[in-house]
Amino acid sequence: MAYVRTTCAKCNVFDKKCTNNQQASLHCRRRRRAFCCALDDASSVRTNRVAGSCAVRVLFFFNLAHAHFILKMAAVQGGLVDANEEKDIKSEPANDTWANNNANDGRLPSASPGASAAAGGNKTAAVAAAAAPEDQQTLLAVLQFLRKNKLTESVEILRREAGLPEDSLESKGADSFCGDQECYYGDDLRILSSLSKREHMRGNETLLDFRTSKFVLRISRDSYQLLKRHLQERQNNQIWNIIQEHLYIDIFDGIPRSKGQIDAMSGSLAGEAKREANKAKVYYGLLKEPEIELPLDDEDEEAENEEGKPKKKKPKKDSMGSKSKKQDPNAPAQTRIPLPELKDSDKLDKIMYMKEATKKIRLGPDNLPSICFYSFLNAYQGLTAVDFTDDSSLIAGGFADSTVRVWSVTPKKLRKVKSAADLNLIDKESDDVLERIMDEKTASESKILHGHSGPVYGISFSPDRNYLLSSSEDGTIRLWSLLTFTCLVGYKGHNYPVWDTQFSPHGYYFISGGHDRVARLWATDHYQPLRMFSGHLADITCTRFHPNSNYVATGSSDRTIRLWDVLNGNCVRIFTGHKGPIHTLAFSPNGKFLASGATDGRVLLWDIGHGLMIGELKGHTDTVYSLRFSRDGEILASGSMDNTVRLWDATKAFDDLETDDFTAATGHIHLQDNSQELLLGTYMTKSTPVIHLHFTRRNLLLAAGAYNP
Amino acid sequence: MADREERRFAEISRESVKFMAESSGVELGDDVAALLAEDVCYRLREAAQSSSQFMRHAKRRKLTVEDFNRALHWSNVEAVCGYGAQDALPFRSAKEGELFFIEDRDVNLVELALATNIPKGCAETMVRVNVSYLDGKGNLEPQGTVPTAVQSLSDDLLKYYQQITRAILGEDPHLMKVALLDLQSNAKIAALLPYFVYVISGVKSVSHDLEQLNRLLHMVKSLVQNPYLYLGSYVRSLVSSVMYCILEPLAASINPLNDHWTLRDYAALLLSHIFWTHGDLVSGLYHQILLSLQKVLSDPVRPLCSHYGAVVGLHALGWKAVERVLFPHLPAYWANLQAVLDDYSVSNAQVKADGHKVYGAILVAVERLLKMKALSLSQPAEGGSSGHTGSVVGAMGYRVSSPGLSPPPEPLSEAALGIASHLQAGGAGCPWEEWTPVPLPAMYCELYSFFGDSLAVRFSTGPGFGSYLPYAPSQLGEARKEAPGPASNPDTTRKMPQLTANLNISPRHDGSPRTDPAPPSLAATGPGRSLTRSSTSTSSVQRSRSCSSRSGQRPAGLSRDVFPKARFTSPQAGIPAFTFLIGGRQMGRRCQGRRPFQTTFAPTPPLPAVPPRAYAHKLPVIGRVGRPVRRWACSCYSLHLPL
């Protein structure tokens, strides 16, 4: 494979260190990233500018309306990866995106306009940069005006846009603006203010984000016209140009928002989401539960409790029947996403689930769940991820020392399957063949899975408990068998740390997201991704499947949450409002709502159907690392770095809401500040950050964390 | 541009860059150096920023070197080696100029390689579960906040509260016992905790009534022992109540017939108990306690009973506390005490009696300090071999007890045992390399200069010396005679020679530079001193200025009733416990029925590396399960949830 060596700003300095040329070129090569953005939104493609000439990163924007296109691309890419690996044993992890890049160049001439646009974009930025200092006086006047009119975002973006080019031309730096900015832009400003050289600008990803995407502002029509008129009167063409070039002003009809409302929605790296980005229809309803022969269930029930509870069986049957008969109007078609067939064992598990569900405790504000804490002791190496199986029989921990450990939390020990030679000896016709294949000698309370070469940041059990996924800093996702306790597949493709991964609730598919800003959808039997969801402006920090497996949500360090359609790879929702990197997401069991937690310590609630923020739960004082709804969705539990578990009244939060077409059109509602009313309880741990929460099928809350001495 | 940024960022000056370049043999021009310096700064910032991401994903608050190295790795820079330690590296400042550097100690590899105290590897990572929070209703009140009103309590709870307080503060001892027991085990009283704490804080208003004080202290004990209570910040309040009982000149102590000493002893034990079980709930608690004890001790205006309280408090907190606070303070304090003890006027009789109490308490404290120190020195060397621990137990087996005293009531000794073991466990577990202790020989010399022979005798009976094991009880007299010379014992480990040398030297040490606190006067109090040294050791002792007069006046065989426990009577070798009693002047007047302060040692072997248990008392808990200490032994606290 041929690769093009271009100058790499970041490596210039360090090239000296590299003694041989080959090493240096590897450096350059690894710096490269190719971004495939599947954006359905034509306007965003038009408005986005590509800064390809920076040579560090090449952005390609494709208008990919058709899913098979992505598939084809993935196939192409996969083929090349293969070739790479054959050629070069110690192949750089970056090779495959690079390959992807090449492939795009070669096969998709449609991408080349992007490159030319990139050059143009760079030039305009430079022009703006040169012009800015001359007009500082005017600029300041406008800024004051904007501030007077409470247009905080515009103030901030103007300042940033004005300050940014100045940065490279010395004079005054972005840090001088820090005091005026909302605190949540502090991180961005810190990055920007550390820039002082043009070369650094080229390599800085945050800066590239700003230059390649427009900062989105939502302004009411009245405010917009006031601003426009003012600028025209004063003939501040320079400002107007800057606004035109760097801001996307999303105008809505209606009353201007209050400062509180604006604050609630702002915080993202690129401003608020455009309203049309949240217009697509989302089928958030649940899939029809497969029919399962209940007679078997009845038998079991009878066999189990001889005392007989005939009363209980009837209503349950009814409820099951009614649920399965009625199709949720908001649900996607059953076969929208091909899902794996239920195996017999799955059906048995479903029956178990139903049986457990009858014993479920109905939770509510007056009936809070009991909490059990699973503490990881002696986890000196650092616990980085935890997951429970759905039936709460296994717990797995990912550790910073690259290991994954699995414990059985029931008296049933973990056993491996016998070796092939021994398996030949057993009687395959016997009824208890599943029991016979297990090797008693290997029974133990826990198993350690070695294979990764970096901290394991994400971990997820498959719904059937046969597999375990782990994603790691080494850029791979590994699939482990819980029958043999060995690694089955290593999924390569991210090439950068993979922050999170999760199995689909129906198994087979899984989603992963990482430092490369791309979320990937995989199927366990494909070694290349089926979909790539690209659009985030910073690392994808957490990924979640919607309960109906048709959508995935990703949270990012750019402080946005995106919802992606698995079928066509489109981004169907963009939620802004968090003021820090998002670290956890949770869908409500009915699929209608999404909860998200971030480093700002707040939990936000979102209505997926309308694309609105509908609640803000304040209380935590540190990063929220885990969120979970109870099985019926009445209680939301949140666990945080501040060593507390908090329980929130989800029913109330969702019921109080009035959403009509108008609010959906303006894209915001009036948020009440009712966190204190919704908070049902705060439970302290002893210096143990809560990094995972799980509701058992009977609604017992399990929490997990590592004790930090 | 540099001046703009230096307010916010670390800068690397061009001089540094030049210097580094020179050290690798490259000559750099000014402009190149400036460029490089700026670039390096930028790269550093960038790496720092991206390293924070690794920290966040590892769910930590502390940025480690590893995070930074990962950030470097992903920007294709070689990792920085050699700084992988988990702990923070302390910066030292150099005197000349504003220079800070990381201390880089030499590591003696030979010593490491030949060390016998091989560290036990990390214990296995494990998961343990506990039901932290049952039934939703009982604990709606977030713990640690004061409930808004009494009305928020249910009727049942209110009734319970009234009954319990009435029973505890009432007349019926049986009822009290029942109430205390219930307080100790009731799982549903979390909501009442603030009220109980408030009741206990009433100690200040009943300082005239020893009985009530005692009952309130028992209430503290019950609350502390209740495994379902999460005390949280109430620990502070409880501690202050207990400290009041230890330190304050209670109204009850005006009457010499009132036995407030016992109360102080008990409160001190309770304090240490609270501290060792709940100390982690309040940060800096230990330090605070030590400070207030030290303050009392250093205040000459305070009555002697307060001083006594401070000493027993320190003693109960463990020998480390004694070493840190009491020992350095002793020279100053000694003069005051001496003055009191020297006053023979009749009007001073009561004060002098108190002074003897303090003297006894100090003696016990420093003796344990010496013993534990010796033990701590000898143990690492022996590497926890089973033979050693056996010998220690054997050595400890001698029961030292006062001849005429009936054994103290059970509950007290029980508590003492529990706490003593706590202290030792804590002592062995706590990090004690942070401050430089006085070496044992020096310490012994100094203490000997104060206490003279009484100390020596006790030390010779001390634990940790295998040399005493072979002696039959009947030979004990001889053994003690030879006490200063255990060098004769060939079995001692390699640490031992050092120690024995001290013992040899210390009685002979002539005229320590330290000002001697007027020994003649002390000697006058000494007719009853029971020192059963043989003449050989006496001669050596007589050379010691500090003790000369004392030993000179010692009538052979005449025992001094002040310190009768120094006598060895029929040591019961079989019992693996070491008891010693403090008695003051009052010990002679046994008729007063005062219970002597007793400490029972069960020498715990150096923590036998069961980290899960070692950490058990710090296990995370939600809600009101508190104080997990020993109850969560592995059996009941397991991976499996009893669902």
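Just so we're on the same page: letters track the sequence lines, and every chain starts at 1.
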Taken to the nearest 0.5 Å, the spacing of A:Glu205 CD from B:Glu46 CD works out to 7.5 Å

Checking A:Ala379 against chain B: side chain, backbone, both or neither under 4.5 Å from a heavy atom? both

Within the 4.5 Å heavy-atom criterion, are B:Gln53 and A:Ser557 side-chain neighbours or not? yes

Side chain from CB out, backbone as N, CA, C, O: work out which of these in A:Thr623 comes under 4.5 Å of a heavy atom of chain B, or both, or neither. neither

Could you tell me which portion of A:Thr599 (side chain, backbone, both or neither) has an atom closer than 4.5 angstrom to a non-hydrogen atom of chain B? side chain

Restricting to ring-ring contact (aromatic ring centres under 6.0 Å, His included), what partner residues turn up for A:Tyr457, sequence neighbours left out? A:Trp499, B:His57

With the side chain counted from C-beta on, respond yes when A:Asn204 and B:Tyr42 share a heavy-atom pair under 4.5 Å apart, and no when they do not. yes

By a 4.5 Å heavy-atom criterion (distance strictly below it), what part of A:Pro581 contacts chain B: side chain, backbone, both, or neither? side chain

Could you tell me the separation between the CZ atom of A:Phe376 and the OG1 atom of B:Thr125, rounded to the nearest 0.5 Å? 9.5 Å

Go through the atoms of A:Leu383 and report whether side chain, backbone, both or neither lie under 4.5 Å from a heavy atom of chain B. backbone

Selection from A:Pro497, A:Pro455, A:Pro689 maximising heavy-atom pairs under 4.5 Å formed with chain B: A:Pro497

Evaluate side-chain contact (heavy atoms from CB on, under 4.5 Å) for B:Asp39 paired with A:His200, printing each intermediate quantity in order. CA-CA 8 Å; B:Asp39 199 64; A:His200 297 163; 2.3 Å; yes

Which value, rounded to the nearest 0.5 Å, describes the distance between B:Arg61 atom CZ and A:Met641 atom CE? 4.5 Å

Heavy-atom contact with chain B under 4.5 Å, split by part of A:Asp622: side chain

Please name all residues satisfying salt bridge (Lys or Arg N to Asp or Glu O under 4.0 Å) with B:Asp67, sequence neighbours left out, ordered by chain then number. B:Arg60

